[in-house]
Amino acid sequence: MQPAQFPAAKTVWAILFLAAFVAALNYLAWSLIGVSPPAPDVVSRVNGVTYAPYARSDAPWVRHDPATQTIAADMQQLSAITHHIRTYSAAQFPELPELAARHGIDLTLGAWLDKDWGSNDREIKALLSQAAIHSNIKRVIVGNETILKQSLTVQQLSEHLRLVRSQTRLPVSTAEPWHIWIKHPELADQVDFITIHLLPYWEGVGLATAVDESFERMARVRTRFPGKEIVIGEIGYPSRGDSIKRAQPSPAAQAAFVRQFVEKAAVEKLNYFLIEAYDQPWKQTEEGRAGAYWGLYDAARQPKFAFSGAVVPDTYWRIKALGSSALGFVFLLYFLTRFANLSRLARTTFAFAAQGTVSVATVVVTLPLLHYMWAGDWLMLAILLPTSIMMVAILLAHLFEFVELFWKGSLRRRFKAMPLPRDAKQPFVSIHLACCNEPPAMVIATIESLCALQYRNFEVIVIDNNTASPALWQPVHDFVASLPSHFKFIHLPTWPGYKAGALNYALEQADPRAEVVAVVDADYVVRTDWLSALVGYFSDPKVGIVQAPQAHRDWG
């Protein structure tokens, strides 16, 4: 392709304006993407949050537990928003009560129970020991969703509860989703207060009604157990994860739910714990994708949203908007200057579509910023990213081809028929038609179109390879036999190389006078001026191949 001439100054200014205009609109579109759900400003402190100290690469089954200084830093950070946290294990982090006390944080201490009775004994001993020592432990919770997960029976859990209640003066409870308390009311006789979990996401409740339905669930438990104190042990909404019915997690949905709930809970003076302080990526293995994204802070200890001001659907939108706009501007400025011959409509259409493609690619490339990626995820990304880049390049190439051809006057060069001068000698052309297991009538139609060519100096070699059935190749043979001698038919019962092998064989059979080789497919019907209109291009010694325009016949 020859380089384009540099466009006139007027055209350059028009291109510059268009590229800048499209980039500005792209930035505006990014700022308007997603409708921010309504959320009140929260002026009161959060009553409480659930807490597990695991960071990005930590997990309960990993021997390396979070360091003491990590927990201390967490307590300092959390003390800015709450004075009460709930934990799930007493044995795993024995230093936590003292660290929390240094920052004025009270604890609702948990003992983790499962099917391992030895582990259960260690948890309960640790809970009782710490509850007797640390004055900032105000309540204890024995077991977390053990009935829901069928880790223990109601009778087994009740035995643990009775044991703990007999050895501490602190209020004792166990934590279960609200419906488990309704289903097993006998549990209420074993606790001093009822700890319920209200997680509308898992019930498929959308943001619009999530807070109201959570309060309705709590009201049902309160009605069922009058006189019992109700503590909400977990309530929240994930910022990422798969949709469940009407529940569609997002950063904006999480921010709106938490702010709406905290404001309403403050009015009703509820005792609650938001789930949770920090994102826990390890939970993806147990709870699916949403399990990693319940935190008020991400795993790097950065706040995921503000408790006042507008709810921002995407905290990275400015970076993405600026990056995609800048990239789109540079690309369009270069491309449209190089192809300044495009008509105004073609240029504008390509500019908007190309900028849109760049923005979509920006969304795809920045996905790792929004998710906790593991080694397998990075490997797949490394495989898919080059493929995605190729797809974008192909898309832009097809887009350019479309606008160049759709609007007249956009082509830099237009090719037309180039017949030989009247007094020029026609070069001898050897036409090769390869077929294999083709319908005879279709091949014969192609040969008939070659018979009608407005050209005198040519031969036709029809070469059929690897067609076993005589019913397919014999009619073609008979038809060619009825034509003049410059039409030849060759049948190769078995031949290697498929179509390429057949065409290579045809080259060996071509007339020595042949200066040009022409190839047609078995389903082509050529125009009568096919050769006469194109053979003139070979007068230029730089031309080695000519591709004729083509379209499906009977396409309508």
Side-chain angles (χ1 to χ4, degrees), residues 20 22-39 41-42 55-57 77 81 201 207 236-243 247-259 274 276-281 283-284 288-332 352 354-382 384-386 388-389 391-392:
V22 171
L25 284 183
N26 177 71
Y27 187 90
L28 178 63
W30 273 97
S31 68
L32 298 176
I33 287 176
V35 178
S36 298
D41 291 342
V42 175
R56 174 68 180 86
S57 58
Q77 185 176 45
I81 64 169
Y201 165 75
L207 175 64
Y237 217 82
S239 60
R240 300 282 173 193
D242 300 320
S243 297
Q248 298 178 341
S250 70
Q254 182 189 44
F257 177 87
V258 170
R259 285 167 57 168
L274 294 175
E276 54 195 321
Y278 302 105
D279 279 352
Q280 300 291 296
K283 287 187 177 179
Q284 291 184 94
R289 288 204 308 147
Y293 300 97
W294 291 86
L296 303 179
Y297 299 84
D298 63 24
R301 273 44 183 174
Q302 298 300 310
K304 292 162 68 174
F305 60 86
F307 280 88
S308 61
V311 173
V312 181
D314 183 356
T315 54
Y316 296 101
W317 77 266
R318 284 187 177 84
I319 298 174
K320 297 177 184 178
L322 286 172
S324 61
S325 294
L327 184 60
F329 176 80
V330 172
F331 171 75
L332 289 176
F352 277 99
Q355 180 65 75
T357 303
V358 171
S359 293
V360 171
T362 300
V363 172
V364 174
V365 171
T366 56
L367 278 178
L369 295 175
L370 308 177
H371 299 277
Y372 298 112
M373 304 279 284
W374 302 98
D377 300 322
W378 285 111
L379 176 61
M380 290 304 300
L381 185 64
L384 292 176
L385 190 57
S388 301
I389 293 173
M391 291 175 62
V392 169

- line: Nearest heavy-atom contact between Pro281 and Ala55 is CD-O, 4.3 Å
- prompt: Closest approach of Val358 and Gly328, non-hydrogen atoms and distance?
  reply: CG1-N, 4.2 Å
field: Which atom of Ala321 lies closest to which atom of Asn26, heavy atoms considered
entry: O-ND2, 3.8 Å
task: Test the Arg259-Phe307 pair against the cation-pi criterion, namely NZ or CZ under 6.0 angstrom from the six-membered ring centroid and within 45° of the ring axis.
output: no
field: Over all atoms of both residues, closest heavy-atom pair of Asp41 and Ser308
entry: OD1-CA, 3.2 Å
task: State, yes or no, whether a side-chain contact exists between Tyr278 and Asp298 at a heavy-atom distance under 4.5 Å.
output: no
message: Please give me the minimum heavy-atom distance between Ala354 and Leu332, naming the atom from each residue.
response: CB-CD2, 4.0 Å
Reported OG-to-CD1 distance for the pair Ser324 and Ile319, which is rounded to 0.5 angstrom: 11.5 Å
message: Is the distance from the ring center of Tyr293 to that of Tyr372 below 6.0 Å?
response: yes
- prompt: Is there a side-chain contact between Ser250 and Arg240 (heavy atoms, below 4.5 Å)?
  reply: no
query: Rounded to the nearest 0.5 Å, how far apart are CG of Leu384 and CD1 of Ile389?
result: 11.5 Å
task: To the nearest 0.5 Å, tell me how far Ser325 OG sits from Leu25 CG.
output: 9.5 Å
query: Atom CD in Gln77, atom CD in Gln302: separation rounded to 0.5 Å?
result: 7.5 Å
message: Taking the six-membered ring for Trp, are Tyr27 and Trp317 closer than 6.0 Å centroid to centroid?
response: yes
query: With distance as the sole criterion, is a donor-acceptor pair present between the side chains of Asp279 and Tyr297 under 3.5 Å?
result: no
statement: Taken to the nearest 0.5 Å, the spacing of Glu276 CD from Leu296 CG works out to 8.5 Å
message: Between Asp242 and Arg289, does any side-chain N to carboxylate O distance fall below 4.0 Å?
response: yes
query: What residues form a ring pair (Phe, Tyr, Trp, His ring centres under 6.0 Å) with Trp378, not counting sequence neighbours?
result: none
- prompt: What do the steps show when you test Val22 against Phe329 for side-chain contact (heavy atoms from CB on, under 4.5 Å), and what is the final call?
  reply: CA-CA 8 Å; Val22 171; Phe329 176 80; over 6 Å; no
message: If we count only N and O atoms by modelled type, under 3.5 Å, do the side chains of Lys320 and Thr362 hold a donor and an acceptor together?
response: no
message: I'd like to know whether Phe257 forms a side-chain contact (heavy atoms from CB on, under 4.5 Å) with Tyr201, so could you lay out the CA-CA distance, the side-chain angles of the two residues, the decisive distance to 0.1 Å, and finally the verdict.
response: CA-CA 11 Å; Phe257 177 87; Tyr201 165 75; over 6 Å; no
query: Residues in ring pair (Phe, Tyr, Trp, His ring centres under 6.0 Å) with Phe331, at least two apart?
result: Phe335
- prompt: Partners of Ala361 by side chain to side chain contact (heavy atoms under 4.5 Å, CB included), sequence neighbours excluded?
  reply: Val392
task: Could you tell me whether the side chain of Leu322 reaches within less than 4.5 Å of the side chain of Trp30, counting heavy atoms only?
output: no
- prompt: When you measure from the side chain of Gln248 to the backbone N and O of Ala253, does any donor-acceptor pair fall under 3.5 Å?
  reply: no
- line: Closest non-hydrogen atoms of Pro249 and Ser243, given as atom of the first, atom of the second and distance, are CD-CA, 4.1 Å
field: Distance in Å, Arg56 CZ paired with Gln280 CD, rounded so as to fall on 0.5 Å steps
entry: 11.5 Å
